[in-house]
Amino acid sequence: MNYDAIVVGTGISGGWAAKELCEKGLKTLVLERGRNVKHVADYPTMNLDPWDMPNNGKPTPEMLKDYPKQHRTGYTTKPEHVHFFVKDTEHPYDEEPDTRFDWIRGYQVGGRSIVWGRQSYRWSEMDFEANAKDGVAVDWPIRYKDLAPWYSKVEKFAGISGQKEGLSQLPDGDFLPPMDLNCVEVEFKKSIKDKFNRALTIGRTAHITGKSPFKNRGTCQSRNRCMRGCPYGAYFSSQASTLPAAEATGNMTLRPNSIVHEIIYDAEKGKATGVRVIDNETKKTYEYTARIIFLNASAIASTSILMQSKSDRFPNGMGNESGELGHNLMDHHFRVGASGDWEGFEDKYYKGRRANGFYIPRFRNLPGQKKQKDFLRGYGYQGGASREKWWRGVAELGFGGKFKDDLMKPGQWRMGMNGFGEMLPYHDNKMTLNYDKLDSWGLPTVTFATKIRENEINMRKDMKASALEMIEAAGFKNVSTFEDSYGVGLGIHEMGTARMGHDPKTSVLNKWNQIHSVKNVFVTDGACMTSSACQNPSLTYMALTARAADYAVKELNKQNL
């Protein structure tokens, strides 16, 4: 069957591609390799309390046998939301010796938009200029001004709450009312401003606050059960937002359980004509044709499809004349920071369970600053303060009336902060296809070879030292630092593998996210990223997708595609 457009993937960027193309009048086939998940109806644990969960809400050893790699996060395998993540036993992959990659996946309609962290930050001019100025990898073919109006568009539709701060390294956006910092966070904000001239703001997060102007979506109820699926539609997800908008046009055909493994190329036309699909359940094969194709299956999956799309014209994978396809794989390195106790504010508390924390924007290697001698780029912090919970006393094995009374009082204030650092785009951080080890559908599996290098290791030292310095200077007690085990991919911000650039000899995509040599194929998920900055990337994926869809439709109308 023929369509105007095909979108592969239904997550953060795929939902946006579907919405934009359908609203612009294109009959669009949206393909998702996983099962269908309907908004609200398919959120089975959304209203369960902790005592409703079996095994006290903890995974059993038997269950974890299916999730040896997904469990590395420490939280994706909780029974309350493990059904939104894949079983490693059913979807295997490999890592080359002495390397590690944590590929955290959610195969269902909506993808990981159901379970994402929702932190939504614009990148700055500094971020798009960084590669060129530092002489690292290749230059971005766009700048902040190219994306700024598209950031605004997606913020207004998605609903991003936040506080304007006037920082060049973290541009302000079109925000809903910010969530509140609590009293300890306010004190910490004052301290680091006074003593270090550093900023702290409430996290900019994709939650509706204030009075909701959004159709069929309510406001955040501060339940902090977001990864189970939000019945109020208060946080942005494909289910609650973009896919309903696409469906409302009458132009979308959604087909779950459809594993796209190849883009069909017509050498005479010099274009892609469609995709080849394996039905997830029946394993039957299908072909669908379209005038344009948007790849939004996520960084690894989209590049895997391109690698499998071989022909006489593209013996090494579609669009891979540069040899860069599968390379330059990035993530944000984290799990390093500090924490401490706050003495005071015993009479203060907070309302609800805020599904958000504070954010300290990058303060290293900014324009006009003296450069750090040990590393390029920089990092930010995410963190928060809270009072210890009632169960703090259980280990004390106390008894009697006083013990019970003490458990009814909030515990001491404690605050922690976790750094998120930029990873450079190393050519040797890569993914390859293993045709000797096939999956259940007869397709090649992925093998990763990734590690952090000297630049990230030196940055992590500074991330730990700066966190300690700021917390101690603010007067916290019992301060300690931490640096936990990290593997590339653990940040679930995988990027690169089909980067944008000016030159087809050194990049896969042009400034419009088109494959240089196949103009009717667009890649707008994490695969397209040329560098990683230190901010969460999903808002940038959304903006790039909206921009590329607008361009694609205009080019179609001009008959250039």
Can you sort out the partners of [X] under side-chain contact (heavy atoms from CB on, under 4.5 Å), two or more places apart, ordered by chain and number?
{"X": "T506", "result": "V138, R499, D503"}
{"X": "I202", "result": "Q163, P178, M179, L181, R354, N356"}
{"X": "L366", "result": "M126, Q169, R362, Q369"}
{"X": "F482", "result": "N418, D484"}

Geometric cation-pi criterion [X] and [Y], 6.0 Å radius, 45° cone:
{"X": "R105", "Y": "W103", "result": "yes"}
{"X": "K78", "Y": "F85", "result": "no"}
{"X": "R198", "Y": "F363", "result": "yes"}
{"X": "R547", "Y": "W512", "result": "yes"}

Side-chain donor-acceptor contact under 3.5 Å, [X] with [Y]:
{"X": "T201", "Y": "E165", "value": "yes"}
{"X": "Q372", "Y": "N458", "value": "no"}
{"X": "S161", "Y": "T209", "value": "no"}
{"X": "H81", "Y": "T76", "value": "no"}
{"X": "E422", "Y": "H333", "value": "no"}
{"X": "D525", "Y": "S302", "value": "yes"}
{"X": "R377", "Y": "N455", "value": "no"}
{"X": "S13", "Y": "N296", "value": "yes"}
{"X": "T540", "Y": "Y121", "value": "no"}

Would you call [X] and [Y] a salt bridge, using N to O less than 4.0 angstrom?
{"X": "D462", "Y": "K464", "result": "no"}
{"X": "E456", "Y": "R460", "result": "no"}
{"X": "D341", "Y": "R414", "result": "yes"}
{"X": "R122", "Y": "E155", "result": "yes"}
{"X": "D172", "Y": "R204", "result": "yes"}

Side-chain donor/acceptor of [X] to backbone N/O of [Y], under 3.5 Å:
{"X": "R143", "Y": "F128", "answer": "yes"}
{"X": "W116", "Y": "S113", "answer": "yes"}
{"X": "S120", "Y": "R118", "answer": "yes"}
{"X": "Q239", "Y": "V37", "answer": "yes"}

Distance flag, aromatic centroids of W413 and Y350, threshold under 6.0 Å: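 Between Y350 and W413, the centre distance is under 6.0 Å.
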
Residues F157, W16; criterion ring pair (Phe, Tyr, Trp, His ring centres under 6.0 Å); working and verdict: CA-CA 10 Å; F157 182 83; W16 266 98; 5.4 Å; yes

Parallel, tilted or perpendicular, as decided by the 30° and 60° cut-offs, for the rings of Y551 and F522: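 If you compare the ring of F522 with that of Y551, the planes turn out perpendicular.
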
Pair listing, side chain to side chain donor-acceptor pair (under 3.5 Å) test, anchored in residues 186-195, at least two apart: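 Passing the test, one end in residues 186-195: K193-N197.
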
Derivation and outcome, salt bridge (charged side-chain N to carboxylate O under 4.0 Å, His left out), residues D550 and K24: CA-CA 8 Å; D550 181 75; K24 295 178 187 300; 3.4 Å; yes

Partners meeting salt bridge (charged side-chain N to carboxylate O under 4.0 Å, His left out) with K153 (sequence neighbours left out):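 Salt bridge (charged side-chain N to carboxylate O under 4.0 Å, His left out) list for K153, sorted by chain: E20.
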
Working for ring pair (Phe, Tyr, Trp, His ring centres under 6.0 Å), residues F420 and Y379: CA-CA 5 Å; F420 282 77; Y379 54 85; over 10 Å; no

